Participant: 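Sharing a structure below in structure tokens format, with a few things to ask.
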Amino acid sequence: MKLDLATPIVAAGEDGVAKAVKCLRDGGLVAFPTETVYGLGCDAGNAAAIARLYQAKGRPSFNPLIAHVADLAAAERIGRFDGDARRLAASFWPGPLTLVVPKAEHCPVADLATAGLDTVAIRVPLHPVAQAILRGFGGAVVAPSANRSGHVSPTTAAHVHVDLDGRIQLIVNGGPVSVGVESTIVACFDQPVLLRPGGLPREKIEAVLGRALAQPVAADPTRPLAPGMLASHYAPRTKVRLEATHVEPGEALLAFGAAALPGVDATTVVMNLSEQGDLAEAAANLFGYLRALDAKGASGIAVMPVPRHGLGEAINDRLRRAALPRE
């Protein structure tokens, strides 16, 4: 993925924030500073933009992304907070803490951003530039670190430029960040669990809770928890058959491209990830289409082959996990 022009770097003043907000609303990708590292942001509800974000990062798999919002009120529009989550939010937001909570009803965050999970990771960043952009945008912005996958996380605009010049629409330069490591991630379900150590020490979190944070259990391939520790993501109840060259009676079909498969005329339902064979469009549709086909009551879901280059690598990884046997 390469844009035609070099990526502009703008100063983090009023004009820079306004350009960032407009870019986000237009479905673009914007790098901006948080107190932890520079994030690569896009509209959390825009699946097509999220697919382009994965493409820009060269991210090898569709890991869940953290939704950044301006305050707790905005967080409650996308997630459900129990008593522990509220105590932690009240004590450490804005700041370098990400909370993983159940999705709110009608959560606007796209399935691609949550990797099809029923949970959502949320953070309220402290950095004034991030705050200004989020308040101006008025909604959730997913923002993994603004670097190519596998590279060191960026702590200056120059780091971002080296990795992503020509791959994103805008970089907002707010100077060096203050923390320099990613946020601490805590899941708040039956009991608070430390999923990833980061910029907020465990001891401070435990002091607020009045008890020790639990350790994550071994990953359950059918019930993943959160970013950074997943064996699998959305797991359909309906059996998934990959690399299909025909459709069996009673199966639903998850198609890709314009070609028709033998048996398709008798199938219960067909959904095409991208009739044009566009991998970014296919990525944007993947989780939503799997959920829709899973609800149709078919005997199985036949999946046409998807190319393995570019985003196709991540699409095939998720399809492989969706096809894992269920106990």
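Sequential numbering from 1 along the given sequence is applied to the chain's residues. Since we're looking at a predicted model, the values are computed, not measured.
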Participant: Any side-chain heavy-atom pair from Asn173 and Phe32 closer than 4.5 angstrom?
Facilitator: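 No. Closest side-chain heavy atoms not under 4.5 Å.
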Participant: Would you find a donor on one side and an acceptor on the other, under 3.5 Å apart, between the side chain of Lys103 and the backbone of Thr114?
Facilitator: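 Between the backbone of Thr114 and the side chain of Lys103 there is no qualifying donor-acceptor contact (under 3.5 Å).
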Participant: Is there a path of hydrophobic side-chain contacts, each under 4.5 Å between heavy atoms of I/L/V/M/F/W/Y residues, joining Leu97 to Val179?
Facilitator: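 Different clusters.
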Participant: For the residue pair Arg202 and Lys204, establish whether any side-chain heavy-atom pair is separated by less than 4.5 Å.
Facilitator: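 No. Closest side-chain heavy atoms not under 4.5 Å.
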Participant: To the nearest 0.5 Å, tell me how far Ile315 CD1 sits from Arg308 CZ.
Facilitator: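 One gets 11.0 Å once the value is rounded to the nearest 0.5 Å.
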Participant: For the residue pair Leu279 and Gly312, what are the closest heavy atoms and their distance?
Facilitator: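 Looking at all heavy atoms of both residues, the shortest contact is CD1-N, 3.8 Å.
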Participant: Please check this pair: side chain of Ser299 against backbone of Gly250, looking for a donor-acceptor N/O pair closer than 3.5 Å.
Facilitator: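 It does hold such a pair.
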Participant: Roughly how far apart are Asn316 CG and His309 NE2, rounded to 0.5 Å?
Facilitator: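 Nearest 0.5 Å value for the CG-NE2 distance: 10.0 Å.
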Participant: Verify the cluster assignment for Phe92 and Val100: are they in a single hydrophobic cluster under the rule of side-chain heavy atoms below 4.5 Å apart?
Facilitator: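 Each belongs to a different hydrophobic cluster.
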Participant: Can you name the closest pair of heavy atoms from Ala244 and Pro305 and give their distance?
Facilitator: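 Answer, listing the atom of Ala244 first, then Pro305: O-CD, 3.4 Å.
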Participant: With side chain to side chain contact (heavy atoms under 4.5 Å, CB included) as the criterion, how do Leu112 and Leu286 come out once you've worked through the C-alpha distance, each side chain's angles and the decisive distance to 0.1 Å?
Facilitator: CA-CA 7 Å; Leu112 186 58; Leu286 179 61; 5.5 Å; no
Participant: Would the distance check show the side chain of Asp294 and the main-chain N or O of Thr238 forming a donor-acceptor pair, the cut-off being under 3.5 Å?
Facilitator: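 Checking the backbone N and O of Thr238 against the side chain of Asp294, a donor-acceptor pair under 3.5 Å is found.
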Participant: Within the distance-only criterion (no hydrogens, no angle test), does the side chain of Glu35 pair as donor or acceptor with the backbone N or O of His127 below 3.5 angstrom?
Facilitator: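 Yes; judged by distance alone, with no hydrogens or angles, the pair exists.
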Participant: Say whether, by atom type as modelled, one donor and one acceptor occur between the side chain of Asp165 and the main chain of Thr7 under 3.5 angstrom.
Facilitator: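 Pair found, side chain donor or acceptor close to backbone of Thr7.
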Participant: Do Leu134 and Val141 have side-chain heavy atoms sitting under 4.5 Å apart?
Facilitator: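 Yes, their side chains come closer than 4.5 Å.
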Participant: In Å, rounded to the nearest 0.5 Å, how long is the span from NZ of Lys22 to CG of Leu170?
Facilitator: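 Rounded to the nearest 0.5 Å, the NZ-CG separation comes to 11.0 Å.
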Participant: Indicate yes or no for a side-chain donor-acceptor contact from Glu243 to the backbone of Val303 under 3.5 Å, with no hydrogens or angles considered.
Facilitator: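 Absent.
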Participant: Is the closest side-chain heavy-atom distance between Pro154 and Asp163 below 4.5 Å?
Facilitator: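 The answer is no, as the side chains (C-beta and beyond) never meet within the 4.5 Å cut-off.
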Participant: Whether the side chain of Arg52 engages the backbone of Gly27 through a donor-acceptor N/O pair (distance < 3.5 Å, no angle test) should be reported.
Facilitator: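 Flag set: sc Arg52 to bb Gly27 pair under 3.5 Å.
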Participant: Which pair of non-hydrogen atoms, one from Asn272 and one from Ala255, has the smallest distance, and what is that distance?
Facilitator: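 Smallest heavy-atom distance, with atoms named: OD1-O, 3.4 Å.
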Participant: When rounded to the nearest 0.5 angstrom, what is the spacing between CD1 in Ile205 and CG in Leu194?
Facilitator: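 Rounded to the nearest 0.5 Å, the CD1-CG separation comes to 6.5 Å.
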Participant: Same hydrophobic cluster for Leu88 and Leu200, using side-chain heavy-atom links shorter than 4.5 Å among ILVMFWY?
Facilitator: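 Shared cluster, yes.
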Participant: Under a 3.5 Å cutoff, is there a donor and acceptor pairing between the side chains of Ser153 and Glu182?
Facilitator: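 Yes.
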Participant: How long is the gap from CD1 on Ile122 to SG on Cys107, to the nearest 0.5 Å?
Facilitator: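 Going from the CD1 atom of Ile122 to the SG atom of Cys107 covers 7.5 Å.
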Participant: Are Val30 and Cys23 packed together at the side-chain level, in the sense that at least one heavy-atom pair is separated by less than 4.5 angstrom?
Facilitator: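 Yes, close enough: below the 4.5 Å cut-off.
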Participant: Is the closest basic N to carboxylate O distance between Asp15 and Lys19 below 4.0 Å?
Facilitator: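 Salt bridge flag = yes for Lys19 with Asp15.
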Participant: Around atom CD of Glu14, are there more than 12 heavy atoms from other residues, nucleotides or ligands closer than 6.0 Å?
Facilitator: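 Count not over threshold, so no.
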Participant: Judged by atom type as modelled, is there a donor-acceptor pair below 3.5 Å linking the side chain of Tyr38 to the main-chain atoms of Gly174?
Facilitator: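 Present.
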Participant: Just do the salt bridge (charged side-chain N to carboxylate O under 4.0 Å, His left out) check on Glu251 and Arg241 with the steps written out, would you?
Facilitator: CA-CA 10 Å; Glu251 283 186 323; Arg241 183 168 66 86; 2.8 Å; yes
Participant: To the closest 0.5 Å, what do you measure between CG (Asp43) and CZ (Phe137)?
Facilitator: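 Going from CG on Asp43 over to CZ on Phe137, the span is 3.5 Å.
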Participant: So do the side chains of Leu99 and Trp93 get within less than 4.5 Å of each other, counting heavy atoms only?
Facilitator: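 SC-SC contact between Leu99 and Trp93 confirmed.
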Participant: Just to verify, which of Thr34, Leu126, Thr184, Thr36 counts as forming a side-chain contact (heavy atoms from CB on, under 4.5 Å) with Pro96?
Facilitator: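 The passing option is Thr36.
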Participant: Mind listing the closest non-hydrogen atom pair of Ala143 and His68 along with its distance?
Facilitator: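 Result for this residue pair: O-CE1, 3.3 Å.
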Participant: Would Asp71 and Arg123 satisfy salt bridge (charged side-chain N to carboxylate O under 4.0 Å, His left out), going step by step from the backbone distance to the final call?
Facilitator: CA-CA 9 Å; Asp71 51 35; Arg123 183 160 90 90; over 6 Å; no
Participant: Say whether, by atom type as modelled, one donor and one acceptor occur between the side chain of Tyr54 and the main chain of Ala280 under 3.5 angstrom.
Facilitator: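 The answer is no, because no donor-acceptor pair under 3.5 Å joins these two groups.
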Participant: Specify the closest pair of heavy atoms between Asn46 and Ala49, including all atoms of both residues, with the distance to one decimal.
Facilitator: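 That closest heavy-atom pairing would be OD1-N, 3.0 Å.
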Participant: Could you give me the CA-CA distance, side-chain angles and deciding distance for Glu105 and Arg77, then say whether salt bridge (charged side-chain N to carboxylate O under 4.0 Å, His left out) is met?
Facilitator: CA-CA 8 Å; Glu105 189 175 5; Arg77 289 193 284 273; over 6 Å; no
Participant: Looking at side-chain heavy atoms only, is the closest gap between Pro108 and Ile78 below 4.5 Å?
Facilitator: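 The answer is yes; the side chains approach within 4.5 Å.
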Participant: Flag the pair Val269 / Leu293 as yes when at least one side-chain heavy-atom distance between them is below 4.5 Å, and no otherwise.
Facilitator: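 Yes. Closest side-chain heavy atoms under 4.5 Å.
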Participant: I'd like to know if the side chain of Asn285 reaches the main chain of Leu273, judged simply by a donor and an acceptor atom lying under 3.5 Å from each other, with no hydrogens or angles considered.
Facilitator: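 Flag set: sc Asn285 to bb Leu273 pair under 3.5 Å.
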Participant: Hydrophobic cluster membership, with links at side-chain heavy-atom distances under 4.5 Å among I/L/V/M/F/W/Y: are Leu24 and Leu29 in one?
Facilitator: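 Different clusters: Leu24 never reaches Leu29 through Ile, Leu, Val, Met, Phe, Trp or Tyr contacts under 4.5 Å.
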Participant: What pair of heavy atoms forms the shortest contact from Ala252 to Thr267, and how long is it?
Facilitator: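 Looking at all heavy atoms of both residues, the shortest contact is CA-OG1, 3.6 Å.
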Participant: For residues Ile9 and Val160: do they belong to one hydrophobic cluster (side chain heavy atoms under 4.5 Å, members Ile, Leu, Val, Met, Phe, Trp, Tyr)?
Facilitator: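 Yes, Ile9 connects to Val160 through the hydrophobic network.
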